[in-house]
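Below: the structure, in structure tokens.
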Amino acid sequence: MRAGMLLRKDAVREALTEALAGCPLSREEVAAELSRLTGEAVSVHHLHSWCSEAKREWRFPLELVTAFCLVTQDFGVLAAVLDGTGQALADKETMTLAEYGRLVAEDKKRAARRRELQERLGV
């Protein structure tokens, strides 16, 4: 990997901006709800600064990401952070399919083990 490939600053800023643009709540409402849920003082100024390309020294605090995603109902910030790691977010349907796949794989292993034991027993 090249140095700096995983710097996620611009991707996070873009994801924050997109989440706020798609959120039915105003930025004031988002800031108020973030403050309420986290107990941290979050202002509209913070939101503007975290989204501003001109204010590159402002970084979105990771400890607010869960509340931000729940308030905006947008998980793009988490996807932006994970991009390049080989990890990804899964929606509920994908998680259900993965659980189903695990159960099918376990069933196949158990069936193979049963056959092996039956052969040993001559059944």
Side-chain angles (χ1 to χ4, degrees):
M1 262 189 206
R2 290 184 324 222
M5 278 183 62
L6 295 179
L7 181 62
R8 308 307 310 145
K9 180 173 36 177
D10 291 332
V12 167
R13 183 181 331 280
E14 184 177 301
L16 289 169
T17 302
E18 288 175 7
L20 289 168
C23 182
L25 302 175
S26 69
R27 287 190 178 197
E28 290 81 6
E29 292 169 315
V30 170
E33 191 62 2
L34 286 174
S35 296
R36 186 184 75 77
L37 291 173
T38 64
E40 297 286 327
V42 178
S43 69
V44 175
H45 172 73
H46 288 113
L47 294 175
H48 291 314
S49 296
W50 293 328
C51 294
S52 172
E53 289 188 32
K55 296 190 177 187
R56 301 197 52 81
E57 70 281 0
W58 280 77
R59 304 284 178 100
F60 181 73
L62 181 61
E63 59 268 20
L64 299 181
V65 75
T66 303
F68 182 85
C69 291
L70 291 175
V71 169
T72 62
Q73 287 299 294
D74 186 306
F75 294 83
V77 174
L78 287 173
V81 170
L82 291 173
D83 190 31
T85 66
Q87 304 299 311
L89 297 176
D91 59 19
K92 287 182 181 182
E93 182 181 2
T94 302
M95 290 173 61
T96 301
L97 286 169
E99 182 180 359
Y100 178 75
R102 277 192 297 276
L103 291 174
V104 168
E106 289 171 10
D107 288 346
K108 287 183 178 187
K109 284 181 183 179
R110 279 195 291 276
R113 181 69 176 145
R114 272 193 301 274
R115 282 190 301 274
E116 179 185 319
L117 292 171
Q118 286 171 345
E119 287 175 12
R120 279 188 189 171
L121 294 170
V123 181

What residues, two or more places apart in sequence or in another chain, satisfy side-chain hydrogen bond (donor to acceptor under 3.5 Å, both in side chains) together with [X]?
X     : value
Ser52 : none
Arg27 : His48
Arg56 : Asp10

Q. Cluster partners of Val44, using ILVMFWY side-chain heavy atoms under 4.5 angstrom, listed by chain and number?
A.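 ILVMFWY cluster around Val44 holds nothing else.
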
The remaining residues in the hydrophobic cluster of Leu7, counting side-chain heavy-atom contacts under 4.5 Å among Ile, Leu, Val, Met, Phe, Trp and Tyr, are none

May I ask you to decide whether [X] forms a salt bridge with [Y], counting only side-chain N to carboxylate O separations under 4.0 Å?
X      : Y      : result
Glu99  : Arg102 : no
Lys109 : Glu106 : no
Glu119 : Arg115 : no

| task | Would you kindly confirm whether Leu62 and Trp50 end up in one hydrophobic cluster when ILVMFWY residues are joined by side chain heavy atoms under 4.5 Å apart? | result |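 Leu62 clusters together with Trp50.
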
Q. Should Leu97 and Val104 be counted in the same cluster of Ile, Leu, Val, Met, Phe, Trp and Tyr side chains packed under 4.5 Å apart?
A. no

*Step by step, would you call Asp83 with Arg8 a side chain to side chain contact (heavy atoms under 4.5 Å, CB included)?*
CA-CA 8 Å; Asp83 190 31; Arg8 308 307 310 145; 3.4 Å; yes

- Message: Surrounding CD of Glu53 (heavy atoms of other residues, nucleotides or ligands, distance under 6.0 Å), is the total greater than 12?
- Response: no

Where the side chain of Gln73 meets the backbone of Leu70, is there a donor-acceptor pair that is under 3.5 Å apart? yes

Worksheet entry | Donor-acceptor contact below 3.5 Å, side chain Ser35 vs main chain Ala41 | no

Identify the two heavy atoms, one from [X] and one from [Y], that lie closest to each other, and give their separation to 0.1 Å.
X     : Y     : value
Thr72 : Ala19 : OG1-CB, 4.1 Å
Leu89 : Phe75 : CD1-O, 3.4 Å
Ala15 : Ala80 : CB-CB, 4.0 Å
Gly84 : Leu6  : O-CD2, 3.9 Å

With side chain to side chain contact (heavy atoms under 4.5 Å, CB included) as the criterion, how do Leu20 and Phe68 come out once you've worked through the C-alpha distance, each side chain's angles and the decisive distance to 0.1 Å? CA-CA 10 Å; Leu20 289 168; Phe68 182 85; 3.9 Å; yes

dist Leu16:CG -> Leu47:CG (nearest 0.5 Å) comes out at 8.5 Å

Do Leu117 and Arg120 pass the side chain to side chain contact (heavy atoms under 4.5 Å, CB included) test, and can you show the C-alpha distance, the side-chain angles, and the key distance before you say yes or no?
-> CA-CA 5 Å; Leu117 292 171; Arg120 279 188 189 171; 4.1 Å; yes

Next on the checklist: Checking His46 against Ser43 for the side chain to side chain donor-acceptor pair (under 3.5 Å) test, could you report, in this order, the C-alpha distance in whole Å, the side-chain angles of both residues, the deciding distance, and whether it holds?
Outcome noted: CA-CA 5 Å; His46 288 113; Ser43 69; 2.9 Å; yes

Among residues at least two apart in sequence or on other chains, which ones pass ring-ring contact (aromatic ring centres under 6.0 Å, His included) with His45?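 Listed in chain order: Trp58.
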
field: From Leu34, Val71, Leu37, residue fulfilling side chain to side chain contact (heavy atoms under 4.5 Å, CB included) relative to Val42
entry: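 Passing option: Leu34.
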
